Amino acid sequence: MSIKRIAILGSTGSIGTQALEVVSHHPNLFSVEVLTAQQNADLLVEQARKFRPKEVVIGNEALHSKVSEALSPLGIKVYKGDAAIADLAGQCEADMVLTALVGYAGLLPTVRAIEAGKHIALANKETMVVAGELIARMALEHQVSIYPVDSEHSAIYQCLIGENERDVDKIILTASGGPFRGKSREFLSTVTKAQALKHPNWSMGAKITIDSATLMNKGLEVIEARWLFGVMPAQIDVVVHPQSIIHSMVQFQDGSIKAQLGLPDMRLPIQYALHFPGRLSSNFPRFNFLDYPTFTFEKPDTETFPCLRIAYESLEKGGNRPCVINAANEVAVAAFLRDEISFLEIPELIEKITGKIDYIQNPTLSDYVQTDTETRAKALELVNNRKCWM
Ligand SMILES: NC(=O)C1=CN([C@@H]2O[C@H](COP(=O)(O)OP(=O)(O)OC[C@H]3O[C@@H](n4cnc5c(N)ncnc54)[C@H](OP(=O)(O)O)[C@@H]3O)[C@@H](O)[C@H]2O)C=CC1
Ligand SMILES: CC(=O)[C@@H](O)[C@H](O)COP(=O)(O)O
Ligand SMILES: [Mn+2]
C-alpha cells in the first residue's frame, strides 16, 4: 500500500495535534506533506522537526523569521500569511488535505484544494456552513471526496455505508447540551467564559467549545449535514444525549435506525477519515456498556438557547444567510472570549446583524467573501457600540 501524503491545515490545534498523533502511530501509512499554524510558532517548529513536512506556513507574518530560522536549515520551505495557506492547499503534493483550522479561514484553502483535485478530510465545519452548496458542487465537479471528521458527521457517514440515498428518512444529530444544559436564562445572564469553556465530555478548541455551550455548534452541524449528505433541513433532527456516546443516527424509510457509538475521542473519526475506507486497529480506550447503564435523551431547549433556532432559520432562508450568521457568531464568540459581551449577548448580536446584511439568493465565492467581510465589520461595530443594541 502506498503512503498517503497529508497536508494538515491548523496542525497546532485540538484536531491538528490529534491528527499528528494518529499519523505517528502509522508511519507506514501516512506522511506529512504540509503543516500550517496561525500563532503557535513554537509548536509548529516542534511538529515540523518531528514529522519533517516539505513545507509549512505560519499565518502570522510577524513570526515568519522565527520559524524560518528554525526550519530552513532542515530543508523545509517556510511561507507566511493567510494567502499562502490557501495557495499551498492547492499547490502542495499532498493526496489529502485535513482542514483542522478554525472558522471562516477554512473556506479558501478548501476551495483551492478541491480545485486541485485533493481529497478533503473536513474538520472545519464553518466551510460547509458558509458555502456548503458551492463546496458540494465543486467536489462533484472535481471528483473529490469529502470525508467528515466532525464526530456526528463521521457517525452519519458510517451509518450510511451500504445504504441507498433514497431510503434515508432522517438524520438524528445528537447534542451533549453543553455545560449549561437545563439552566435558565437568569442563570446564563451571569455565566463567565471559564464556565462556558468547561465542556462536559469533549476537550476542544475555545471557539467550538463556546459554540457547544450556546448550541450554535449544533446549529452549524445541522447546516453541515444538509450539504454533506444532501438531505433537506426538515430531515435533520437534533436530540440532546448528555452522555455523548451515540455520536449520531440515521433513520431509514422502514423506521429502522442505525447509530454509531464510542467514547468521546476525536482520534477515531480523524483516523477513519484519513484511512477511509479501511479501519485501522487502535489502542484508544474502548467503550463498555456496563460503564454506562443509562443513556438519556431530551428535546433541545431553543427558548433558552436560541442559536440552534437561528441556524435552522438561516438554512431555511439559504443564500448568503448562513454565511452571515457564521461571521456574526465568530465575532460574537471572540468578543465573549475577550470579556466584551455577555453569554446571552452572543445570540442577540447575531440576530441584530442578520437584518443588516443584503440577502443574496445565489451567492458566488466572491459574494461569500464580501458577505463575510461586511458582516464582520458590522458585528464589530455593534460590539464596540454595545449600548446601541441593549
Ligand atoms: N476540537 C474538536 O474536537 C473538534 C473540532 N471541530 C472543528 O475543527 C476545527 C478546528 O477546531 P479545533 O481544533 O478545536 O480548533 P483550535 O482552536 O484548537 O485550533 C485551530 C487551529 O487553526 C489555526 N488557526 C486559528 N485561526 C486561524 C486563521 N485565521 N487562519 C489559519 N489558521 C488558523 C490555529 O493555529 P494556532 O494555534 O497556531 O494559532 C490552530 O492550529 C473547527 O472548525 C471545529 O469546529 C469539529 C469537531 C470536533
Ligand atoms: C467532538 C465534536 O464533534 C463536537 O462538535 C462535539 O460534538 C461538541 O458537542 P456538542 O455540541 O454536542 O456539545
Ligand atoms: Mn461535532
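From a predicted model like this one, the values you see are computed outputs, not experimental measurements. As the structure lists them, so they are numbered: ligands from 1, and atoms in each ligand from 1.
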Can you confirm whether the side chains of H199 and S176 place a donor and an acceptor under 3.5 Å from each other? yes

Does CZ in R166 sit with more than 12 non-hydrogen atoms of other residues, nucleotides or ligands closer than 6.0 Å? no

Examine Y272 together with Y147 and report whether their ring centres are nearer than 6.0 Å. no

Are any of the side-chain nitrogens in R226 or E133 under 4.0 Å away from the carboxylate oxygens of its partner? no

Do V149 and M266 have side chains that approach each other closer than 4.5 Å (heavy atoms only, starting at C-beta)? yes

Check for me: within less than 2.8 Å of the Mn ion (ligand 3), which protein N/O/S atoms show up? D150 OD1, E152 OE1, E221 OE2

So L173 and D237, do their side chains get closer than 4.5 Å, heavy atoms only? no

In order of chain and number, which residues sit within 4.0 Å of ligand 1 by heavy atom? G10, S11, T12, G13, S14, I15, A37, Q38, Q39, N40, I85, A100, L101, V102, A105, A123, N124, K125, E126, D150, M204, G205, I208, M266

Which pairs would a plain distance check flag for residues 307-320, meaning a side-chain donor or acceptor within less than 3.5 Å of a matching protein atom at least two apart in sequence or in another chain?
| unit_1 | atom_1 | unit_2 | atom_2 | d |
| --- | --- | --- | --- | --- |
| R309 | NH1 | E313 | OE1 | 3.3 |
| R309 | NH1 | E313 | OE2 | 3.3 |
| R309 | NH1 | E351 | OE2 | 3.2 |
| R309 | NH2 | E351 | OE1 | 3.3 |
| Y312 | OH | I236 | O | 2.5 |
| S314 | OG | A311 | O | 2.8 |
| N320 | OD1 | I360 | N | 2.9 |
| N320 | ND2 | D358 | O | 2.9 |
| N320 | ND2 | T371 | OG1 | 3.3 |

Is the count of non-hydrogen atoms from other residues, nucleotides or ligands lying under 6.0 Å from K193 atom NZ greater than 12? yes

Looking at F305 versus F180, is the centre-to-centre ring distance below 6.0 Å? no

Would the Y104 and Y368 ring centres measure less than 6.0 Å apart? no

Take a 6.0 Å sphere around CD of E141 and say whether it holds more than 12 heavy atoms from other residues, nucleotides or ligands. yes

Parallel, tilted or perpendicular: which fits the ring planes of F289 and F295, with parallel below 30° and perpendicular above 60°? tilted

Just checking, is any N or O donor in the side chain of N60 or K80 under 3.5 Å from an acceptor N or O on the other one? no

Would you please write out the protein residues whose heavy atoms approach any atom of ligand 2 to under 4.0 angstrom, listed by chain and number? K125, D150, S151, E152, A175, S176, H199, W202, M204, I208, S212, N217, K218, E221, M266

